[in-house]
S.K.: 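Below is the structure I would like to discuss, written out as structure tokens.
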Amino acid sequence: MAADGGSSSLQLPCVFSPKSRRYLALCAQDGRLRIWNTDSKTLQQEYVPSAHLSATCTCIAWGPCRTVKEGPQRKKRKSEAVQVEEKADLLAMGTAAGTVLIYSTAKGVLHCTLDGGHSGGVNCVQWHPEDSLLYSGSDDTNIIEWDLQTGKTRSKWKADRAAVTSLCVSPDGKLLLSAGQIIKMWDLATKEVYRKFTGHSTAVTTLRFATTRPPDSNGLYFLSGAAHDRLLSVWQVREDGKDKNSVVSFTLTDEPQDIDLIASNSKEEVRLVCLPCDGQLHLFEHFLNGPCKKPLSPSCTVQMSDTKDSPSPIPLLAAALGADTRTVLLAYGNHLQPVMEKVEINTAERHICFTRDVQTSLSLSMETSVSKVKIPIVNTKSRVLIPGLPGHQAPVKATPQGSEKRKKDSDTKEMSIAERLGEINLSAVSTEKGSTKGTTSLQTDNFAVLLVQGLESNDVNILNKVFQTRKEMVIKKTVARLPLPAILPLVEEVSVRFLAVLMVRWLKAVLMHHTSYLASLPDLVTQLGVLYHMIESRVKMFHKLTKLHGKLYLLMTQVSWRPVQSAKEEDSHFQK
């Protein structure tokens with residue numbers, strides 16, 4: 001996720017708060033928004049979107065720092081008057097459903113919801129530096145200017161033929177950069193195109209202004225990065241309009257994921273850090289004093305690795321430059337529980353590798369005094385779908401309401417494990433006989449509950465009853481409704497039972513719905529080594545079995561053809 005608020009669909013949003021860098025906001029695989037305190041290294045807040053907001057978070061962006069009143073305060077005298085510190089408060093979250101959520105970190109509640117503007121998923125959000133305005137780009141190729149005071153659309157216009165994948169507002173708030181494959185610079189006063197820039201063959205995912213000068217002084221520069229592109233391009237906005245090509249390119253080891261830079265006001269000096277998708281960090285220092293033909297290499301590259309005998313890399317999630325020229329704030333590890341640390345980088349060394357023991361560094365210490373975990377309350381008739389991975393939906397038990405009267409029907413009673421197992425037997429018997437009268441098929445929710453119970457208790461009887469189902473749709477829905485902690489035990493159980501034919505369907509369903517979650521696990525290779533070797537052996541045998549099948553088919557065809565040929569010869573001889 002780029003620091004400007006843009007995000008790729010395969011990347012989880014993760015960004016530091018502006019100025020003080022006190023907070024780290026990220027959306028993990030479980031779909032929850034978590035706010036971490038970088039000073040105390042603790043989880044500050046956690047927000048769970050409610051049912052009508054159930055859509056995957058695609059991008060997040062911090063709003064400008066402002067003065068926030070958190071509660072009633074005593075009126076101070078003039079002698080006691082001090083300068084009020086501005087803090088990061090509002091956080092914008094774009095969703096795949098086309099809505100934008102504005103969350104207040106100071107109050108710990110949802111500030112407002114901006115909906116009804118986009119017909120496609122939101123790919124990027126960007127705040128105006130001064131006014132209470134927010135800009136969003138979507139798959140529907142439109143840009144919307146939102147007024148946060150009214151919560152309604154202030155302006156909407158078509159940006160391009162393709163989807164809008166990245167946005168960036170100039171430091172003075174007069175220009176807006178938008179990009180799909182073509183980068184356009186808009187005049188926010190008239191909403192007309194000021195300039196166009198072409199040079200990327202894929203969708204642009206990162207846009208950042210590098211300087212704060214006005215465009216009529218030939219000193220305005222901005223950066224752009226695209227998907228599957230290992231170059232970070234720098235563009236100059238010239239007064240004469242001769243700005244068709246990029247002036248400088250920075251080489252990367254992979255496509256850019258996160259960028260942070262210190263914009264220059266007096267000089268054309270740029271200092272930036274870039275996180276490619278491979279989890280490294282590149283530091284660049286360059287004077288923007290004209291075009292450069294050759295791409296520039298990073299002045300320093302930083303990597304993280306663990307302390308094991310055979311060290312493996314630790315992915316970096318986000319980076320932010322500090323006030324000191326050598327200090328960089330890093331977030332690394334897992335999205336569910338990241339590690340934040342300030343490190344000093346010596347630019348005299350081209351390659352730096354920090355070794356950290358991530359397991360001992362992870363300590364989820366929730367501050368009960370400041371924690372504001374918000375979980376929506378729904379009635380018993382509602383079913384909450386937690387947004388997580390694309391296509392992933394998991395049921396959550398609804399909170400019972402005391403004011404509602406319970407139904408007297410016996411159908412509302414929760415079934416026991418024995419009754420659920422009995423219904424599985426009934427459905428299996430009815431399927432074999434071909435009759436479905438008098439039997440009710442077990443719901444997918446019950447299958448998911450039974451499977452979790454069997455995995456937790458390691459009950460072979462329950463697991464055998466669940467795994468005997470042959471309906472592929474039931475298997476897919478059951479796996480989709482499983483909670484994330486039950487995925488890895490299910491894969492291990494499937495590995496043990498992989499020789500059975502039905503286990504292939506379960507493994508296929510797990511890979512369809514939970515591949516992103518499995519890929520985020522640090523020790524996935526060791527945990528799934530048995531399954532990997534079994535699949536590899538089957539793939540090797542498949543070619544031999546295919547040849548054997550072809551030979552047997554040819555042999556059986558010849559055997560069945562000979563009696564027919566001999567019978568025809570006898571008939572012709574008898575007729576003669």
Side-chain angles (χ1 to χ4, degrees), residues 4-7 13 15 17-18 23 25 27 31-33 35 45-71 86-159 163-164 166-169 173-174 176 178 186 188-189 191 372 374-378 382 384-385 387:
D4 61 352
S7 175
V15 63
S17 61
Y23 301 112
C27 290
R32 301 188 180 195
L33 171 68
I35 310 295
Q45 296 179 27
E46 185 179 35
Y47 176 72
V48 183
S50 56
H52 63 285
L53 306 175
S54 58
T56 306
C57 179
T58 55
C59 53
I60 55 179
W62 287 93
C65 296
R66 63 173 189 168
T67 304
V68 182
K69 296 181 179 180
E70 298 186 2
E86 293 184 345
K87 298 181 180 179
D89 176 26
L90 297 181
L91 186 69
M93 297 182 292
T95 66
T99 59
V100 179
L101 313 180
I102 308 298
Y103 179 78
S104 174
T105 58
K107 300 179 181 179
V109 295
L110 190 65
H111 181 72
C112 63
T113 303
L114 309 177
D115 55 1
H118 290 296
S119 59
V122 178
N123 297 321
C124 47
V125 287
Q126 183 68 212
W127 293 81
H128 193 278
E130 298 176 357
D131 301 332
S132 299
L133 300 176
L134 181 75
Y135 299 91
S136 61
S138 171
D139 288 335
D140 59 7
T141 71
N142 292 323
I143 298 176
I144 294 182
E145 184 181 57
W146 300 93
D147 188 351
L148 296 183
Q149 294 182 353
T150 61
K152 297 181 180 179
T153 302
R154 183 175 178 179
S155 179
K156 180 178 179 180
W157 69 95
K158 186 177 180 63
V164 181
S166 186
L167 293 173
C168 186
V169 182
K174 296 181 179 180
L176 173 68
S178 70
W186 303 84
L188 289 178
K191 304 299 187 298
K372 301 173 182 179
K374 299 297 178 181
I375 300 178
I377 300 177
V378 295
S382 301
V384 180
L385 304 178

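What's counted below: heavy atoms across the whole structure, side chains too, no hydrogens, waters or symmetry copies.
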S.K.: Quick one: closest heavy-atom pair of G117 and D140, and the distance?
M.R.: O-OD2, 4.3 Å
S.K.: From C124 SG over to I143 CD1, what is the distance, rounded to the nearest 0.5 angstrom?
M.R.: 7.5 Å
S.K.: Could you list the residues that satisfy side-chain contact (heavy atoms from CB on, under 4.5 Å) with A163, not counting sequence neighbours?
M.R.: N123, D139
S.K.: Restricting to non-hydrogen atoms, name the atom on P13 and the atom on I60 that form the minimum distance, rounded to 0.1 Å.
M.R.: CB-CG1, 3.5 Å
S.K.: Kindly indicate, with the supporting measurements, whether the criterion side-chain contact (heavy atoms from CB on, under 4.5 Å) is fulfilled by L91 and I35.
M.R.: CA-CA 10 Å; L91 186 69; I35 310 295; 4.0 Å; yes
S.K.: Output yes when a side-chain donor or acceptor of W186 lies under 3.5 Å from a complementary backbone atom of S178, and no otherwise.
M.R.: no
S.K.: Does some side-chain heavy atom of L133 sit less than 4.5 Å from a side-chain heavy atom of L188?
M.R.: no
S.K.: If I compare all heavy atoms of Q149 with all of S132, which pair ends up nearest, and what's the gap?
M.R.: NE2-OG, 4.0 Å
S.K.: Please check: side-chain N/O of Q45 versus main-chain N/O of T105, any donor-acceptor pairing under 3.5 Å?
M.R.: yes
S.K.: For V122 versus S136, what's the shortest heavy-atom pair and its separation?
M.R.: CG1-CB, 4.3 Å
S.K.: Who are the side-chain contact (heavy atoms from CB on, under 4.5 Å) partners of T141, not counting sequence neighbours?
M.R.: K158
S.K.: Do the side-chain N and O atoms of D115 and T113 include a donor-acceptor pair separated by under 3.5 angstrom?
M.R.: no
S.K.: For L110, is there any backbone N or O sitting under 3.5 Å from a side-chain donor or acceptor partner on S104?
M.R.: no
S.K.: Nearest 0.5 Å, please: how far is SG in C112 from CG in L90?
M.R.: 8.0 Å
S.K.: Can you list the residues that meet the ring-ring contact (aromatic ring centres under 6.0 Å, His included) rule with W62, with sequence neighbours excluded?
M.R.: none
S.K.: Roughly how far, to the nearest 0.5 Å, is CE of M93 from SG of C57?
M.R.: 6.0 Å
S.K.: Could you work out, with salt bridge (Lys or Arg N to Asp or Glu O under 4.0 Å) as the rule, every residue matching K191, not counting sequence neighbours?
M.R.: E145
S.K.: Go through the steps to decide whether L101 and L33 satisfy the test side-chain contact (heavy atoms from CB on, under 4.5 Å), and finish with yes or no.
M.R.: CA-CA 11 Å; L101 313 180; L33 171 68; over 6 Å; no
S.K.: Quick check against the 3.5 Å criterion: does D147 have a side-chain atom that pairs as donor or acceptor with the backbone of R154?
M.R.: no
S.K.: Quick one: list whatever passes side-chain contact (heavy atoms from CB on, under 4.5 Å) with K156, sequence neighbours left out.
M.R.: N142, I144, T153
S.K.: Can you find a pair of side-chain heavy atoms, one from W127 and one from L148, that are under 4.5 Å apart?
M.R.: yes
S.K.: With sequence neighbours left out, what residues match E130 under side-chain contact (heavy atoms from CB on, under 4.5 Å)?
M.R.: H128
